[in-house]
Amino acid sequence: MSFSNTTFNNANNYTILSNGITLPSEKQTLSEIIDKAKDWAVNHGVAKRAENDSEFVTFIPFLLLPSPFPRCEFEKAIALQPILNELLHNVAHDYEFLKDSLKDTIKADEFTRNLYEIYEIIHKEGATQDISLGLFRTDYVMDVNSFSNIKQIETNTISCAFASLAQNTYRLHKYVLTEMEHHEKLKNLPENNALTETIIGLIKAWEIYNNNKSAILFVINEYSKNTYDIHFHEYEINNLNRDLKVIRRTLTQIADTAKLGPDKQLIIDGFEIAVVYYRTGFIPEQYNSKREWDARLLMERSLAIKCPSIQYQLAGTKKIQQVLAQPNVLEKFIKSPKTIKSVRETFTGLYSLDFDEYGEQAVNMALENPEKYVLKSQRDGIGNNIFGENIRDFLIHTKDNIDRAAWILMNRIFSPVVQGFLIQSERMGIVDLTSELGIYGVIIGNSSEILCNKQSGYMLRSKFAEANGIGVIRIKNGGIDTPYLT
Ligand code: ADP
Ligand code: MG
């Protein structure tokens, strides 16, 4: 679709975007740049399968030009990532802490309970493989109410998507800026090797396993629109090590064929698996039946290094995020008061809905001022959060029900609004957006040592300012982006 036959939403007549870049005034020139950008995107993996037609590839909604983000806040987030990696690693290796923090959640939430039961089994049996690989991502937005400091939205410890999209979008933006003859502006785009760094982490875990005939297993859904992001991970493994075999299987296929070898090696269709990389398994619908749960347990019991291990996945739940924000909890895991302060500054108010005095207080706060909060379940993914008046409706029905403890309450963060030029098939033009920054991290280790710990690039998504936090790809409410540091 060319620019000329799409709707150009320019009601406000902006020509200067919030990043300070002026759009070409000639419609024809702008149209050419848009078409070039779309072609570049499709040809370099800023792409997805089209709606209703798995044979057809289209671009992922993206911003034509990168969106402004304060340099100091970006650098703060980058510097925090190894600290957060280590924090989650230590949380994941503290049995009593996980048990105590999740005790009410697992009563109310069957999915977390299923994960927790696997964790308990492995804990009792003793792990065959004590090393875990974490490919984490911490998400932040800027908070207008705290002088535009970044605030943490969540930490993700399983299936952290978009590393390849983010790396490719960074390159797309360099291409577009160059096409527009803004070479001098390239320095404001921070280097992004999110995909390459992620894959270096995966390969490092494979090397630690120490069997050069072994393979890496990608555990995937049968169908995903985000498949190309996953495929690029495979291509990058191949780029970096041509001898390293990758196989993809669904949880159902694994249930059909996986077995354990004499030393509990994970064997799938004749391949010994060194690393299990989950790109599924984080919502209940991805486990069709008990067989898929059994497959998960079998993999946890195996000698393969899991990304993430069951304890890393539990450490990434919203409940743990809420517990970590309580007074004196970070102190259990981080020694330096200065570091604790810098982590805590990125937290906003998080409240338990457990059945105790604090839970009752939180329910009352949310009933009184629902617009100030977000209700979150333990479900990762999109569209699970409850905002505004819907919080009141939900709590009126749930407040005396055990289900309440499956949720946490969080202060709603209001982010600065910026104007960017969005490229979407349905909606194209200048729109009001808020941006969410994700910082990737890699960690490898066991309870006694950390073998690798680093930040590994970033991702920016910009969403319609009015959207209530729904995903960028599935529900078209924004686009993939790059920070333009200011
Ligand atoms: P998940 O990605 O697991 O569904 P998130 O915690 O990332 O859950 O929430 C989804 C989206 O909801 C975020 O990307 C963000 O846009 C929005 N959101 C989440 N928490 C808040 C908050 N405290 N204030 C404002 N928006 C939020
Ligand atoms: Mg999220």
Side-chain angles (χ1 to χ4, degrees), residues 61 67 77 84 105 109 111-112 115 135-146 148-163 165-166 226 229 279-286 308 313-322 324-325 346-351 353 362 365-366 369-388 390-391 406-418 432-440 458-481:
S67 296
L84 296 175
T105 314
D109 184 64
F111 181 69
T112 313
L115 295 173
L135 296 173
F136 299 159
R137 198 187 72 219
T138 314
D139 293 337
Y140 303 91
V141 292
M142 292 209 305
D143 176 14
V144 283
N145 294 327
S146 73
S148 289
N149 284 316
I150 45 164
K151 293 286 174 196
Q152 188 186 102
I153 289 284
E154 64 159 346
T155 56
N156 300 283
T157 58
I158 180 164
S159 188
C160 297
F162 295 173
L165 281 182
N226 195 17
D229 182 55
R279 290 299 300 249
T280 184
F282 50 88
I283 51 171
E285 295 72 23
Q286 293 165 339
Q313 185 169 355
L314 289 172
T317 53
K318 304 226 170 26
K319 182 64 192 178
I320 295 293
Q321 179 188 7
Q322 179 261 311
L324 286 172
T346 67
F347 291 169
T348 185
L350 285 140
Y351 316 92
L353 294 182
M365 276 168 14
N369 291 303
E371 69 289 350
K372 289 191 176 163
Y373 301 100
V374 182
L375 255 186
K376 295 187 173 187
S377 70
Q378 304 307 308
R379 263 338 131 261
D380 277 312
I382 45 182
N384 298 307
N385 295 340
I386 302 180
F387 291 82
N390 293 338
I391 297 184
W407 295 74
I408 61 153
L409 189 71
M410 182 174 188
N411 285 355
R412 183 162 181 179
I413 306 162
F414 293 91
S415 309
V417 175
V418 295
D432 287 345
L433 301 160
T434 60
S435 299
E436 182 169 341
L437 176 71
I439 306 290
Y440 295 95
Y458 64 80
M459 183 266 282
L460 194 75
R461 286 170 290 185
S462 293
K463 305 184 185 183
F464 293 138
E466 74 274 14
N468 272 341
I470 311 160
V472 165
I473 290 191
R474 192 163 342 152
I475 302 174
K476 298 183 171 169
N477 74 337
I480 186 102
D481 204 348

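In listed order, ligands and their atoms are each counted from 1.
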From CA spacing to verdict: side-chain contact (heavy atoms from CB on, under 4.5 Å), L437, L460: CA-CA 5 Å; L437 176 71; L460 194 75; 3.9 Å; yes

Stepwise side-chain contact (heavy atoms from CB on, under 4.5 Å) check, F162 with I480: CA-CA 9 Å; F162 295 173; I480 186 102; 4.3 Å; yes

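Between N411 and ligand 1, a contact under 3.5 Å exists for at least one N or O pair. By the 3.5 Å distance cut-off applied to N or O atoms, N156 is not counted among the residues near ligand 1.
Neither the backbone nor the side chain of N384 comes within contact range of ligand 1; no heavy atom lies under 4.0 Å. If you look at R379 next to ligand 1, the close heavy atoms, those under 4.0 Å, all belong to the backbone. With a heavy-atom cut-off of 4.0 Å, I413 touches ligand 1 through backbone and side chain alike.
Exactly one of V374, D143, N369, N385 qualifies for a side-chain contact (heavy atoms from CB on, under 4.5 Å) with R412. That residue is V374.
Comparing heavy-atom distances from atom 19 (C) of ligand 1 across K463, R461, K376 singles out K376 as nearest. The option from E436, Q378, R137 that lies nearest to atom 14 (O) of ligand 1, judged by heavy atoms, is E436.
Annotation for ligand 1: atoms under 4.0 Å from non-hydrogen atoms of K318 are 1 (P), 3 (O), 6 (O), 8 (O). Applying the 4.0 Å criterion to heavy atoms of V374 picks out, from ligand 1, the atoms 21 (C), 22 (C), 23 (N), 24 (N). In the vicinity of M410, heavy-atom distances shorter than 4.0 Å reach the ligand 1 atoms 23 (N).
Not a single donor-acceptor pair under 3.5 Å links the side chain of Q152 to the backbone N or O of T346. Side-chain atoms of R379 do not come within 3.5 Å of backbone N or O of I283 as any donor-acceptor pair.
Minimum interatomic distance between P416 and V144 (heavy atoms only, all atoms of both residues): N-CG1, 3.5 Å. L353 and L375 make their closest contact through CD1-CD2, 3.5 Å (heavy atoms, listed as atom of the first residue, atom of the second, distance).
Heavy atoms of N385 approach ligand 1 to within less than 4.0 angstrom.
K319 and Q322 share a side-chain donor-acceptor pair at under 3.5 Å. S435 and S462 are linked by a side-chain donor-acceptor pair at a separation below 3.5 angstrom, with hydrogens and angles left out of the test.
Nearest N/O/S atom of E154 relative to the Mg ion (ligand 2): this is OE2.
Distances from the Mg ion (ligand 2) show that E436 has no N/O/S atom below 2.8 Å.
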